[in-house]
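One structure is given here, and the rest of the page talks about it.
Positions are given from 1, in the same order as the sequence printed here. Hydrogens, waters and symmetry mates are skipped; everything else that's a heavy atom, side chains included, is used.
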Amino acid sequence: MQPTITPYPGFSVADDAMALREAMKGLGTDEDIIIDILTTRSNKQRQQIAKYFRDELGRDLIDDLKSELGGHFEDVIVALVLPPDEYLCKQLHKAMEGMGTNEETLIEIICSKSTSEINQLVETYEKMYERPLTEHMCSETGGNLRRLLTLIITGTRDDSKETNQSEAREKAEALYADGEGRLGTHESTFGSILAHENFKQLKLIFEEYKEVSGNTIEQALNHELSGDYLEALLAIVEYIQSPPAYFAARLYKAMHGVGTNDTSLIRIIVSRSEIDLGDVKDEFERLYDKTLSSYIDQGETTGDYKKALLAIIK
């Protein structure tokens, strides 16, 4: 996996903290220094800078940044400075607060996580909001989608990397029997299998499904299901088959057509920057014949916001 941000060699927490403080002191703000420092340090290094602000300068780095910056540029910079779990929990909370629910955000975050990653989010969410993530999510979603997300959040997925060919065949046959192989669909079977099996085993089940049915699992899902439940199951399938392609497609969707989904664009670029954003870039170019950087550069993002995104992508 290729990240685009790695720990900065020769990192000096005091030098960085003082440079950031200077960039925000007095009249005017030096946005270039903020971008140069925060897009080239790892999150652990940024946490050390935030701690230095607190302990040595008696200031809150995020509060200082918020008072000096604005708009989507502020959103990117604050996202970089938050610990990754806290950032994603804020995104989940925002997706469920107020009128209406942003199911797309819930699906993207929850369906692309391993059991250990989910457990970490569950723990952080309750600490931050004094409310269990499961309970909040159950109150904001319904039907099969709620059942699926609840299964994932309650950690039912096998966290091993073990695979079993004959069991994969059995599960593939069960999916066929309860979907394409009958009139009417037992929708819960799909959710149950896709939420319980580990990612490597699911990959095997999908291969076996093609043997059993003659169709791909995506074709079967599109044929049998609809709505947010279909979107969530497809997200699991796409993520398992290729995480970089899954996120590349999400980035394209966030920018394609009229209007940009800035929240998704920022979330994916920041949250994948230390994991596999280099691979996502490669997949983006392969799928859309255009580099991710040029797509952003020629899109609707502007000014320091655009500059910060391009600096993270490199």
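Formation of a donor-acceptor pair under 3.5 Å by the Ser67 side chain with backbone atoms of Asp64 is found in this model. Under the 3.5 Å distance criterion, the side-chain polar atoms of Thr150 are matched with a main-chain donor or acceptor of Arg146. Between the side chain of Arg157 and the main chain of Glu197, a donor-acceptor pair closer than 3.5 Å is present. When atom types are taken as modelled, the side chain of Asn102 and the backbone of Thr105 share a donor-acceptor pair closer than 3.5 angstrom. Between the side chain of Lys314 and the backbone N or O of Ala311 there is at least one donor-acceptor pair closer than 3.5 Å. Looking at Arg250, its side chain never comes within 3.5 Å of a backbone N or O of Glu108 through a donor-acceptor pair. Of the possible polar contacts, one joining the Ser139 side chain to the His136 backbone as a donor-acceptor pair under 3.5 Å is found. Panel note: side chain Glu300, backbone Thr260; a donor-acceptor pair is recorded below 3.5 Å. Between the side chain of Asn43 and the backbone N or O of Leu80, at least one donor-acceptor pair lies under 3.5 Å. Thr154 places no side-chain N or O within 3.5 Å of a backbone atom of Thr156 that could act as its donor or acceptor partner.
The shortest non-hydrogen separation linking Ala245 to Leu287 is O-CD1, 4.2 Å. The heavy-atom pair separating Thr163 from Gln201 by the smallest distance is CA-OE1, 3.1 Å. Of all heavy-atom pairs between Ile5 and Glu274, the closest is O-CG, 3.5 Å. Scanning both residues, Leu92 and Tyr125, for their nearest heavy atoms gives CB-CE1, 4.2 Å. Closest non-hydrogen pair, Thr189 versus Ala174, comes out as CG2-O, 4.2 Å. Scanning all heavy atoms of the two residues, the minimum distance from Ser213 to Tyr176 falls at CB-CD1, 3.7 Å.
Using a 4.5 Å cut-off on side-chain heavy atoms (C-beta onward), Thr39 and Val76 make no contact. Residues Glu208 and Ile205 are not in side-chain contact: their nearest non-hydrogen atoms beyond the backbone lie 4.5 Å or more apart. Side-chain contact between Arg267 and Ile109: present, with at least one pair of heavy atoms (C-beta onward) separated by less than 4.5 Å. Looking only at side-chain heavy atoms (C-beta outward), Val81 and Leu61 come within less than 4.5 Å of each other. Considering only heavy atoms from C-beta on, Phe11 comes within 4.5 Å of Arg41 through its side chain. Counting heavy atoms from C-beta outward, Val270 and Leu82 have side chains that stay 4.5 Å or more apart. Counting only heavy atoms from C-beta outward, the side chains of Pro3 and Leu277 never approach each other to under 4.5 Å. Looking at heavy atoms from C-beta onward, Phe190 lies out of side-chain contact with Asn144 at the 4.5 angstrom threshold.
Summarising the geometry, atom CD1 belonging to Ile118 is positioned 13.0 Å from atom CD belonging to Glu123; distances are rounded to the nearest 0.5 Å. Atom-to-atom distance recorded for Leu88:CG and Lys90:NZ is 12.0 Å, nearest 0.5 angstrom. Atoms CD1 and OG, on Ile107 and Ser112 in that order, are 11.0 Å from each other to the nearest 0.5 Å. Distance CG/Asp304 to CG/Leu69: 8.5 Å, rounded to 0.5 Å. Of the inter-residue distances, the one linking Ile193 atom CD1 with Glu170 atom CD reads 10.0 Å to the nearest 0.5 angstrom. Thr124 contributes atom OG1, which lies 10.0 Å from atom CG of Leu133 (distance to the nearest 0.5 angstrom).
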For this session: Give the intermediate values and the outcome of side-chain contact (heavy atoms from CB on, under 4.5 Å) for residues Ile34 and Met24.
Result: CA-CA 9 Å; Ile34 292 171; Met24 294 186 279; 3.9 Å; yes

Exercise. Should Asp159 and Asn198 be marked as a side-chain contact (heavy atoms from CB on, under 4.5 Å) after you check the CA-CA gap, both sets of side-chain angles, and the distance that decides it?
Worked result: CA-CA 6 Å; Asp159 212 15; Asn198 74 56; over 6 Å; no

Problem set entry | Derivation and outcome, salt bridge (Lys or Arg N to Asp or Glu O under 4.0 Å), residues Glu135 and Arg131 | CA-CA 7 Å; Glu135 183 228 296; Arg131 181 179 188 182; 2.9 Å; yes

For this session: With side-chain contact (heavy atoms from CB on, under 4.5 Å) as the test, would you mind laying out the steps for Tyr305 and Leu265 before giving the verdict?
Result: CA-CA 11 Å; Tyr305 169 39; Leu265 182 61; 3.6 Å; yes

Problem set entry | Stepwise side-chain contact (heavy atoms from CB on, under 4.5 Å) test for Phe53 and Leu65 | CA-CA 12 Å; Phe53 258 68; Leu65 289 164; over 6 Å; no

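The six-membered or imidazole ring of His93 lies near that of Tyr129, with a centre-to-centre distance under 6.0 Å.
Linking ILVMFWY residues whenever their side-chain heavy atoms come closer than 4.5 Å, directly or via other members, places Val237 and Ile110 in the same cluster. Under a hydrophobic-cluster definition in which Ile, Leu, Val, Met, Phe, Trp and Tyr are linked whenever side-chain heavy atoms come within less than 4.5 Å, directly or via other members, Tyr87 and Met96 are assigned to the same cluster. Placement of Leu151 and Leu221 in two distinct hydrophobic clusters is found when ILVMFWY residues are connected by side-chain heavy-atom separations under 4.5 Å, directly or transitively. Follow the hydrophobic side-chain contacts under 4.5 Å out from Leu145 and you reach Met137 in the same cluster. Under a hydrophobic clustering in which Ile, Leu, Val, Met, Phe, Trp and Tyr are joined whenever their side-chain heavy atoms come within less than 4.5 Å, directly or via other members, Ile275 and Phe284 fall into different clusters.
A donor-acceptor contact closer than 3.5 angstrom is absent between the side chains of Ser293 and Thr291. Side-chain atoms of Asp262 and Ser264 include no donor-acceptor pair closer than 3.5 Å. Checked by atom type, the side-chain pair Glu180/Asn215 shows a donor-acceptor distance below 3.5 Å.
Sorted by first then second residue, the side-chain hydrogen bond (donor to acceptor under 3.5 Å, both in side chains) pairs that include residues 1-12, not counting sequence neighbours, are Gln2-Asp279, Gln2-Asp282, Ser12-Asp15. For residues 223-253, the set of pairs meeting the ring-ring contact (aromatic ring centres under 6.0 Å, His included) definition, not counting sequence neighbours, comprises Phe199-Tyr239, Tyr239-Tyr246, Tyr252-His256, Tyr252-Tyr288, Tyr252-Tyr295.
Open room surrounds NZ on Lys94; 12 or fewer heavy atoms of other groups in view lie less than 6.0 Å from it. Counted within 6.0 Å of CD on Gln298, heavy atoms from surrounding residues, nucleotides or ligands total more than 12; the atom is thus considered enclosed. The number of heavy atoms from other shown groups lying within 6.0 Å of NZ (Lys113) is above 12.
Taking a cutoff of 4.0 Å between a charged side-chain nitrogen and a carboxylate oxygen, Glu104 and Lys253 qualify as a salt bridge. Salt-bridge annotation for Glu167 and Lys171: absent, with no side-chain N of the basic residue lying under 4.0 Å from a carboxylate O of the acidic one. Under 4.0 Å is where a charged nitrogen must lie from a carboxylate oxygen, and between Asp16 and Arg46 no such pair does. Using a 4.0 Å cut-off between charged nitrogen and carboxylate oxygen, Lys281 and Glu285 do not count as a salt-bridge pair. The residues Lys306 and Asp297 are annotated as salt-bridged, a charged nitrogen and a carboxylate oxygen being separated by less than 4.0 angstrom.
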